Amino acid sequence: MAAFWLMKSEPDECSIDDLARAPGQCVPWIGVRNYQARNFMRDAMRVGDGVLFYHSSCAVPGIAGLAEVASAPHADDSQFDPASPYHDAQSKPDAPRWQCVDVRLVKKTRLLPLTEMRVLPQLATMQVLQRGSRLSITPVTPAEWAAVTALLET
DNA sequence: GCCAACGTTGGC
DNA sequence: GCCAACGTTGGC
């Protein structure tokens, strides 16, 4: 049984349109530098899991499309790139600290704004809506997934 | 730019 | 292992 996730991306870095233009409409989810979020990718995600693609730190934050986990976990190359903002000098190539998965577009949807999500009782349990929640990757329950995907059809 | 909330670091 | 200081996230 596949699981479901919400993954935040800053559209300045990688928007839903950037994902749509990427080769194979697939990108490695680089740049996660939080252990809890890394552990979700490294330990819990499976190929085929559903992903809510969320735009954060932008004019209208919200869910911008549906995607899926498209690879097993692998090393995040940006940790070894001194020119990258995600460079981690402490991480050694023989023991990479940061892992990521590839994420493939399923479909771009209408934008479901955070403000709309906040007033919908069926979404009230979503982790991304909880007070003080900052985690860039959060699990989504089957019920939440069903509610969000239904809303995106409307 | 502000600031609440949370994560990480490092002295002890 | 505690916890204060500092850094980051991310909505507004």
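Order of the sequence lines fixes the chain letters, A, B, ..., with proteins taken first and strands second; residue numbering starts at 1 for each chain. Just so we're clear, the structure is a prediction, and the values are computed from it rather than from any experiment.
- Applying the ring pair (Phe, Tyr, Trp, His ring centres under 6.0 Å) rule to pairs touching residues 68-122 of chain A yields A:Y35-A:W98, sequence neighbours excluded.
- Clustering of Ile, Leu, Val, Met, Phe, Trp and Tyr side chains at separations under 4.5 Å places A:L111 together with A:V60.
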A correct 5'-to-3' footprint of nucleotides 5-12 of chain C, with B, S and - meaning base, sugar-phosphate only and no protein heavy atom under 4.0 Å, is --BBBBSS
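- Applying the side chain to side chain donor-acceptor pair (under 3.5 Å) test to A:R110 and every residue at least two apart in sequence or in another chain returns A:E116.
- Partners of A:K8 by side chain to side chain donor-acceptor pair (under 3.5 Å), not counting sequence neighbours: none found.
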For residues 138-149 of chain A, which side-chain N or O atoms pair as donor and acceptor with protein atoms under 3.5 Å away, sequence neighbours left out?
residue, atom, partner, partner atom, Å
A:T141, OG1, A:E144, N, 3.0
A:T141, OG1, A:E144, OE1, 3.4
A:E144, OE1, A:T141, N, 2.9
A:E144, OE2, A:T125, OG1, 2.6
A:E144, OE2, A:M126, N, 3.4
A:T149, OG1, A:W145, O, 2.8
A:T149, OG1, A:A146, O, 3.1

